[in-house]
2 protein chains.
Amino acid sequence: MARTAGSHSALTAPRIREAAQELFARHGYAAVSMRQIAAEVGVQVGALYNYTPDKQSLLFDLMTAHLDALLAAQAAEDRPADPMQALEAFARFHIRYHAERPDAVFIAYMELRNLTPDNFATVETLRHRYEDRLSAILSAGQAAGAFRIAEPRIATMAIIAMLTGVNTWFRQSGRLSLSEVEDVYWDMTRRLVTG
Amino acid sequence: MARTAGSHSALTAPRIREAAQELFARHGYAAVSMRQIAAEVGVQVGALYNYTPDKQSLLFDLMTAHLDALLAAQAAEDRPADPMQALEAFARFHIRYHAERPDAVFIAYMELRNLTPDNFATVETLRHRYEDRLSAILSAGQAAGAFRIAEPRIATMAIIAMLTGVNTWFRQSGRLSLSEVEDVYWDMTRRLVTG
DNA sequence: GTCTATAAGCCGATAGAC
DNA sequence: GTCTATCGGCTTATAGAC
């Protein structure tokens, strides 16, 4: 099927997503205008509305795409039967996956308050689904006697906050490689649940 | 000295600060207008400019006031000579101080990208000064043989991320009191540095 | 110190030509 | 699918009356 001159849908759609993601991460959703996104893509502002009904949907789609991909990638990982090995796999996966997508992670945490109530509820459900996977590992380890955890739900939140914190300081050009950073954080995570 | 009718400087100034803090925390700096702040205070928008030269200064002043107060409060705490006790005091202080000021904490972490470069540098200096106090405790404990820490600077970032994470889920009306939450997090912090 | 009025410009979103 | 032009409304900040 011949394509009309000026028809670039297959190219424009991902470019809009990438431009929006980078600009939202750098300046914040509310501070970025549809005109800025269009300029970054190299189209006029009206053209954006062929791909998204409004600005809010652009944000919501970025967040849900990120969380869907996170859940799918985590589900695709090996889940060792041994709780200690399962926790190590989770910790290393979490650090690696998040460190490689700082913009998407930043938006998913920082722009929650700019979602409409319905969209917020949907995103929160996805986030909880991810947290529940860590909670399940901790509970299994607790039941098996491998871990000693006073408050499993708090430990879940503490571990995720600690691991995600890597993104606030890690730089590829730094002293430590991501692999070495994984080692350090896994050691801290292991101590947290055994001690 | 008699006061002119309509002169409410001593009352208006803190009310502007409080309104800005609450609105910035709830909706984000970029999403809040000077008109919204004025409406919350109960004055017209022009009156705000008797107290702040512009919106940016309002944000900057909130952040520096928060960090200055944090540093002063931390400095006023007892600093036990024993590293383990010093770390416990720091962890408990950090949780309590941050949990009691969720709006100020939220703004200080989330609105960094909305600061001008000069203001950002100033705020980062204050934040590093606070982090350095935890690093000093960890180093002293390491030197005294009380702690076993592979990467002291990473441990600093990990502990602060973990402790500040309390604010993402803690509610006064929840199952656990703040004091009990302190106990749980201190236990995890202790494990982190000893293991 | 607060008010009203205004300047100058950007916002999200839409209509209609091509 | 992209463009230009536009609508109605909002923005920060200032000027000048009281």
Side-chain angles (χ1 to χ4, degrees), chain A residues 1-21 23-24 26-63 107 111 113-119, chain B residues 1-21 23-24 26-63 107 111 113-119:
Chain A
M1 189 77 81
R3 181 169 288 163
T4 310
S7 169
H8 304 292
S9 170
L11 299 170
T12 304
R15 287 174 46 123
I16 291 173
R17 294 177 52 82
E18 289 158 17
Q21 181 164 90
L23 288 169
F24 288 168
R26 174 131 55 209
H27 305 292
Y29 171 77
V32 172
S33 70
M34 294 297 272
R35 281 171 176 79
Q36 283 176 270
I37 297 170
E40 187 80 8
V41 174
V43 297
Q44 294 302 313
V45 62
L48 297 184
Y49 292 88
N50 290 320
Y51 300 93
T52 182
D54 50 34
K55 191 184 172 189
Q56 168 73 203
S57 298
L58 214 43
L59 175 62
F60 177 65
D61 290 347
L62 284 174
M63 286 202 194
I107 291 169
E111 302 296 355
R113 63 189 164 182
N114 285 309
L115 292 171
T116 61
D118 277 3
N119 287 346
Chain B
M1 189 76 83
R3 181 169 288 161
T4 310
S7 168
H8 303 292
S9 171
L11 299 170
T12 305
R15 287 175 47 131
I16 290 173
R17 295 177 51 82
E18 289 158 18
Q21 181 164 90
L23 289 169
F24 288 168
R26 174 132 53 210
H27 305 291
Y29 171 78
V32 172
S33 70
M34 294 296 270
R35 277 174 175 76
Q36 284 176 271
I37 297 170
E40 187 79 8
V41 174
V43 297
Q44 294 302 312
V45 63
L48 297 182
Y49 291 89
N50 290 320
Y51 301 92
T52 182
D54 49 34
K55 190 184 172 188
Q56 169 72 202
S57 297
L58 213 43
L59 176 63
F60 178 65
D61 290 348
L62 285 174
M63 286 201 193
I107 292 169
E111 301 296 355
R113 63 189 165 183
N114 285 309
L115 292 171
T116 61
D118 277 5
N119 287 346

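In what follows, chains are A, B, ... by sequence order, proteins preceding strands, each numbered from 1. On a predicted model such as this, the values are computed, not experimentally measured, just so you know.
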| query | Does C:dT2 have OP1 or OP2 sitting under 4.0 Å from an N or O in the side chain of B:T12? | reply |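 Affirmative; the distance criterion is met.
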
| query | Looking only at side-chain N and O atoms, does A:Y51 come under 4.0 Å of OP1 or OP2 in D:dT2? | reply |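 For D:dT2, OP1 or OP2 has a side-chain N or O of A:Y51 closer than 4.0 Å.
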
| Lys/Arg N to Asp/Glu carboxylate O, A:E111 vs A:K55, below 4.0 Å |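 Here A:E111 does not pair with A:K55 in a salt bridge, since their nearest N and O are not under 4.0 Å apart.
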
| query | Which nucleotide, D:dT2, D:dT11, C:dT2, lies nearest any side-chain atom of B:N50? | reply |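 Closest nucleotide among those given: C:dT2.
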
| Considering residues at least two apart in sequence or located in another chain, which fulfil the side chain to side chain donor-acceptor pair (under 3.5 Å) criterion with A:R35? |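 Per chain and number, A:R35 pairs via side chain to side chain donor-acceptor pair (under 3.5 Å) with no residue.
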
| request: Return the set of residues passing side chain to side chain donor-acceptor pair (under 3.5 Å) with B:N119 (not counting sequence neighbours), or none when no residue passes. | output: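 Per chain and number, B:N119 pairs via side chain to side chain donor-acceptor pair (under 3.5 Å) with B:Q56, B:T116.
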
| field | side-chain contact (heavy atoms from CB on, under 4.5 Å) partners for B:R26, two or more places apart | value |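 So B:R26 forms a side-chain contact (heavy atoms from CB on, under 4.5 Å) with B:E22.
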
| query | Who are the side-chain contact (heavy atoms from CB on, under 4.5 Å) partners of B:E18, not counting sequence neighbours? | reply |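 B:E18: side-chain contact (heavy atoms from CB on, under 4.5 Å) contacts with B:P14.
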
| message | Listing request: all side chain to side chain donor-acceptor pair (under 3.5 Å) pairs with a residue in residues 37-50 of chain B, at least two apart in sequence or in separate chains. | response |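 Matches after skipping sequence neighbours: none remain.
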
Round to a whole Å and report the spacing from [atom1] of [X] to [atom2] of [N].
| X | N | atom1 | atom2 | result |
| --- | --- | --- | --- | --- |
| A:L48 | D:dG1 | CG | C1' | 12 Å |
| B:L11 | C:dG1 | CG | C1' | 12 Å |
| A:I37 | C:dC10 | CD1 | P | 17 Å |
| B:Q44 | D:dA15 | CD | C1' | 16 Å |

| field | Base-contact (B) and sugar-phosphate-only (S) positions in nucleotides 12-18 of chain C, heavy-atom cut-off under 4.0 Å, - elsewhere | value | BBB----

